[in-house]
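Heads up: the structure comes next, in structure tokens.
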Amino acid sequence: MGTLNGGDYVAVDDLPSSPRENNNVRKVSVLPLIFLIFYEVSGGPFGVEDTVHAAGPLLALLGFLVFPLIWSVPEALITAEMGTMFPENSGYVVWVSSALGPFWGFQQGWMKWLSGVIDNALYPVLFLDYLKSGIPALGGGLPRTVSAWGLTAVLTYLNYRGLHIVGWVAVLIGLFSLLPFVVMGLLSIPDLKPSRWYVTNLDDVDWNLYLNTLFWNLNYWDSISTLAGEVENPKKTLPKALFYALILVVLGYFFPLLIGTGAVPLDRKLWTDGYFSEIAMIIGGVWLRWWLQAAAAMSNMGMFVAEMSSDAFQLQGMAERGMLPEFFAKRSRYGTPVTGILFSASGVILLSWLSFQEIVAAENFLYCFGMILEFIAFIWMRIKQPTAPRPFKIPGGTAGAIIMCIPPTLLICVVMAFSSFKVMVISLIAMAIGFLMQPCLKFLERNRLMKFSVSPELSDLDNEESNYSLVN
């Protein structure tokens, strides 16, 4: 695959796959990458119970079959195309910068990093929530605070030791977290009643809870793009990993819902967070319940380390692009971005005072605004540089790209419209900080008050990519 440039044919394979391709840092292969994506997006069915509570079994099951087609598939496809077009750690930041300019690229980086850190503040809290039934002291006060900070420190150190370690830890945690649902499925076969799957009442649906739960559990496919520079042969590995991760995520939601709604008599008011552990108790007994609770707690740890890796490497990639001070680009002897990891960990600790509902709502608002910028950048790059090399290209042309982006954009508008006034104000203030931060950083750079630099490899890559457009 290639393109014409002033009469010359340039092969896609001539493009460097990553500005860090020749370093000695161990790259992430397909299997760990699949589970890193799995934990960026899902982490398992823990938290999907509210779909049954809001809408009943039929709509819950249909939601996790239809919603991925509307949201997850377009976002994963865009990530595959743009991530292989720009296989570097700045990910969606460079997509937006290339299409809309460095100012909006910086805003994208600020909003997505803040959204990711807000998201990550949830997981130590949720982990302790699963343990407090056995250890009541973790329910509040100083023991809970110290435990949350200690847990954050341990997992931050894990990120420091290397992305390949994080990837294989994600694989092990993923297998441990999903296996109890396979066992539960086998044990439930004698009790399954398919008629229970078709129960619905359209006059008694909490659409707000239903849609927000689906959205919460099926977004963040683009987060893996900020690790593209750390992936082994990203042009081939990234699309393949996204494909298998999509299957794993959908099955990881649909199969447990199928078991839970089919094997146990329906009582919608019981379907709230943690109800799967009660279903495990009914189907398999105490031992299965404890296994599932342990799996849920460990799943939160998988999501934490995956999210922190994505956030930290994003800052490192932005520094290599000259958007952040040079010290963000420095790596440890394990190849990890020390400053980015420390900043992300500090953000998690500072935001841990927010309530669960406030965290989710604020995160969703910022995330939605960032996704609008991504869709615009994706379409604009199709129009602006239609012949630029794309190792993975979504079929359908520019018109097909625009049509594909319409349903998820409408969904984003619905989610943002449901935001409370408080969340909207907090999110707009956070966005305003980004608008002020970028010119302030430029002022520091112009007056040499802080050192900024652009990676030589990225400069060469930019020069090559600028020559891959069709010259009229």
Side-chain angles (χ1 to χ4, degrees), residues 34-35 37-68 71-72 119 122-123 126-127 129-130 170-189 191-192 196-197 209-221 244-264 266-268 270-284 288-304 306-307 356 360:
I34 290 171
F35 279 88
I37 297 170
F38 174 73
Y39 276 112
E40 293 277 10
V41 175
S42 167
F46 315 104
V48 304
E49 296 96 332
D50 279 336
T51 56
V52 180
H53 179 80
L58 181 61
L59 288 181
L61 292 167
L62 288 176
F64 282 103
L65 290 179
V66 176
F67 199 89
W71 178 259
S72 300
D119 180 60
L122 287 170
Y123 302 127
L126 292 175
F127 178 83
D129 282 344
Y130 280 105
V171 173
L172 295 176
I173 294 176
L175 294 175
F176 177 78
S177 299
L178 293 174
L179 192 56
F181 290 99
V182 175
V183 174
M184 192 163 70
L186 294 173
L187 294 175
S188 70
I189 291 175
D191 300 317
L192 287 177
R196 292 171 175 164
W197 296 329
L209 179 62
Y210 176 67
L211 292 174
N212 270 291
T213 304
L214 287 171
F215 186 77
W216 163 257
N217 283 285
L218 286 164
N219 57 17
Y220 277 90
W221 293 92
Y244 288 117
L246 180 63
I247 296 173
L248 183 62
V249 167
V250 173
L251 288 178
Y253 288 140
F254 186 79
F255 183 68
L257 279 174
L258 203 67
I259 297 166
T261 55
V264 176
L266 178 65
D267 187 346
R268 279 175 55 178
L270 296 178
W271 278 85
T272 56
D273 288 346
Y275 186 55
F276 273 123
S277 64
E278 300 300 323
I279 295 174
M281 177 71 178
I282 295 169
I283 293 175
L288 187 57
R289 179 183 183 178
W290 277 105
W291 186 5
L292 196 136
Q293 287 180 332
M298 293 303 295
S299 178
N300 285 302
M301 298 303 90
M303 289 185 280
F304 184 98
E307 181 66 56
F356 180 88
V360 171

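Residue indices begin at 1 and follow the sequence shown.
Between A245 and I34, the shortest heavy-atom contact is CB-O, 3.8 Å.
In this structure, the side chain of E40 does not engage the main chain of F38 through any donor-acceptor pair within 3.5 Å. S277 places no side-chain N or O within 3.5 Å of a backbone atom of Q293 that could act as its donor or acceptor partner. In this structure, R196 contributes its side chain and A263 its backbone to a donor-acceptor pair below 3.5 Å. Side chain of S177 to main chain of G174: no donor-acceptor pair is present (N/O by atom type, distance under 3.5 Å, no hydrogens or angles). Side-chain atoms of Y39 never come within 3.5 Å of backbone atoms of N300 as a donor-acceptor pair (strictly under, hydrogens ignored). Here the side chain of T213 pairs a donor or acceptor atom with the backbone of L209 at under 3.5 angstrom.
Under a cut-off of 6.0 angstrom, the local environment of OH in Y244 is sparse, with at most 12 non-hydrogen atoms contributed by other residues, nucleotides or ligands.
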The test is side-chain contact (heavy atoms from CB on, under 4.5 Å); show your working for S72 and L246 and say whether it passes.
CA-CA 8 Å; S72 300; L246 180 63; 3.9 Å; yes
How far apart are the C-alpha atoms of L257 and W271, what are their side-chain angles, what is the distance that settles it, and do they pass the side-chain contact (heavy atoms from CB on, under 4.5 Å) test?
CA-CA 11 Å; L257 279 174; W271 278 85; 4.0 Å; yes
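For the pair E49 and T272, the minimum side-chain heavy-atom distance is 4.5 Å or more.
The distance between the ring centers of W291 and F181 does not fall below 6.0 angstrom.
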Just list the side-chain donor-acceptor pairs under 3.5 Å for residues 51-65, sequence neighbours left out, or say none.
| unit_1 | atom_1 | unit_2 | atom_2 | d |
| --- | --- | --- | --- | --- |
| T51 | OG1 | V48 | O | 2.7 |
| H53 | ND1 | R268 | O | 2.9 |

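The aromatic rings of F215 and F67 sit perpendicular to each other, their planes meeting at more than 60°, with 30° as the lower class boundary.
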